[in-house]
Each structure stands twice: as C-alpha cells, then as structure tokens.
Amino acid sequence: MDNLKEIGIFGGTFNPPHMGHYSLAMEAQKEFHLDKVFFVPAYIPPHKEPRNVMDAEHRLEMVKLLINGNPDFILSDFEIKRKSVSYTIDTIKHFRTEFPETKIHFLIGSDAFYHVDTWKDSPEVLKLTDFIIFPRAGNTKEMITKKLGNFANVVFWAHTNLIHISSTDIRFRLRSGEDCAEELGAKVAGYIKEQKLYR
Ligand code: ATP
C-alpha cells in the first residue's frame, strides 16, 4: 500500500457497525479525495462493558462484512490486537509510522468531537492529524466552534446530511425483535441473526 497521498482513520466502537458508518466514510472519501479509509474498532475491556459492548471478535467480523467488497475500505485490528484501551494519540502515531508520507485525516461524528479537549495529549493529536467532522443531531457546528474555537484550524466539516442511525438505537430495536436489515445492511444483519447477538 505505497503511494497513498491521503487516508482517513475511522475509529469507533462499531457495536454494531451500521450503514450510517458506511455512508459517512463514502461521503468523506468522495469529498476529501481519500485514497483509503481505515476502520479501527476500539478494544473495550470485557470487565468494563459500559454499554453492553459485543466481543471484539464479533465487532471485527461485522465491520469486515460491512465494508466487504469495497477495496478502498480497510479493517484495522490495531486497537483490538493491543488488548488494552487505546487512546487516539496511540492510533494516530501508529498510522503516522506506517505511512510517513501520507496525510492523515481522522473521521469523527460531532458528538464525539465535542469532547476532544478531554482526550489524552489532545494538543499533540491535533498536530498529527486533522479532523473530518460529520454533523450529528445534538452537537451543532455552532456549539463546537463556541466550545473549541482554537481547534478550528484542524477541522473540516463534511457536507453530509444528518443520518439518523445509531448503534444504540439499533441494539435497542434488535432486543425487541426487529432485524434492522435496512440500517445494518443485509450481511451484518444476517450475521447478527445467525450468531444470535444483541438479544
Ligand atoms: P452509539 O450509539 O453506541 O454511541 P454510534 O452509532 O455513535 O454508537 P460509534 O461506533 O460510536 O457508533 O461511532 C463511530 C464514529 O462514527 C463516532 O465518531 C460517531 O460520532 C460517528 N457516527 C456514528 N453514527 C453516526 C451518524 N449517524 N452520523 C454522524 N456520525 C456518526
């Protein structure tokens, strides 16, 4: 994978991954001319389980199914393989080392970016990557600019419409017996059904 000029890093819990994630990565790729987008599921320690997080192996498999067939989307097991909580700074440094000549963009929803100032080594994170932000209901551009004005030079707002899909909502609906195939895509929905996940 040489000669990559620009890549996107898309971190998340992906519990489960959904078509919202997929469409946003597509939109970002198109608007910002990304050669590849790396999906990086987070490792969540089993004893923590803050939100009923599915096993890492299942989440990896589901992301694989979500992006299957798109040669520009790549699954990275970097965070999960480390088997400890990874901070964004560690992940960015890893990709910086792997791709020293490549420009790195971090893809993120506005709800998650709103808390960037609390991240470990956030000033350094902002030096190593910029951010492509997807608007998400509840955290508007105005709120973010007001809170994080000094981060403005590393932020690009993706021109995407609001996508009203969330993993939380999907988990809730799966538990009540819906298949959520439209939000999950047929392959991920099929996997969840077959493995009897999120019941
Ligand atoms: P949950 O509902 O469990 O919080 P999620 O749907 O936000 O999950 P994550 O895996 O936490 O999914 O998301 C990974 C990244 O994608 C985060 O930066 C999140 O803000 C962003 N994201 C997820 N869904 C959307 C969406 N519908 N619109 C914009 N950004 C999104």
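Whatever order the structure lists them in is the order used to number ligands and atoms, beginning at 1.
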**Prompt:** Sequence neighbours excluded, which residues qualify as side chain to side chain donor-acceptor pair (under 3.5 Å) partners of E6?
**Reply:**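 Scan of E6 (side chain to side chain donor-acceptor pair (under 3.5 Å), adjacent residues dropped) gives H105.
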Taking non-hydrogen atoms only, is [X] closer than 4.0 angstrom to ligand 1 via side chain, backbone, both or neither?
X    : result
L24  : side chain
F10  : side chain
I165 : backbone

Proximal ligand 1 atoms for [X], defined as those under 4.0 Å from one of its heavy atoms:
X    : answer
F14  : 10 (O)
G11  : 14 (C), 15 (C)
I163 : 26 (C), 27 (N), 28 (N)
S166 : 2 (O), 6 (O)
S167 : 1 (P), 2 (O), 3 (O), 5 (P), 6 (O), 8 (O), 12 (O)
A112 : 18 (O)
T168 : 1 (P), 2 (O), 3 (O), 4 (O)
I108 : 18 (O)

Counting only nitrogen or oxygen atoms and a 3.5 angstrom limit, does [X] reach ligand 1?
X    : result
G109 : yes
N15  : no
F134 : no

**Request:** Would you check if the side chain of R171 reaches a backbone N or O of N15 as a donor-acceptor pair within less than 3.5 Å?
**Result:**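 Looks like yes, one N/O pair under 3.5 Å.
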Heavy atom of [X] under 4.0 Å from ligand 1?
X    : answer
G20  : no
P135 : yes
H18  : yes
S110 : no

**Prompt:** In Å and rounded to the nearest 0.5 Å, what is the CD to CE distance from Q195 to M54?
**Reply:**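 If we round to the nearest 0.5 Å, Q195:CD and M54:CE are 10.0 Å apart.
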Looking at [X] and [Y], does any basic side-chain N land under 4.0 Å from a carboxylate oxygen?
X    : Y    : result
K127 : E124 : no
K5   : E101 : no
D90  : R82  : yes

**Request:** Flag yes if more than 12 heavy atoms outside E31 fall under 6.0 Å of its CD atom; otherwise flag no.
**Result:**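 Yes, because the 6.0 Å sphere around CD of E31 holds more than 12 heavy atoms from other groups.
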Over 60° means perpendicular and under 30° means parallel, so tell me whether [X] and [Y] are parallel, tilted or perpendicular.
X   : Y   : answer
F99 : F38 : tilted
F39 : F73 : tilted
F10 : F14 : perpendicular

**Item:** Within 45° cone of Y114 ring axis and under 6.0 Å: K147 NZ or CZ
**Value:**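 Yes, cation above the ring, under 6.0 Å and within 45°.
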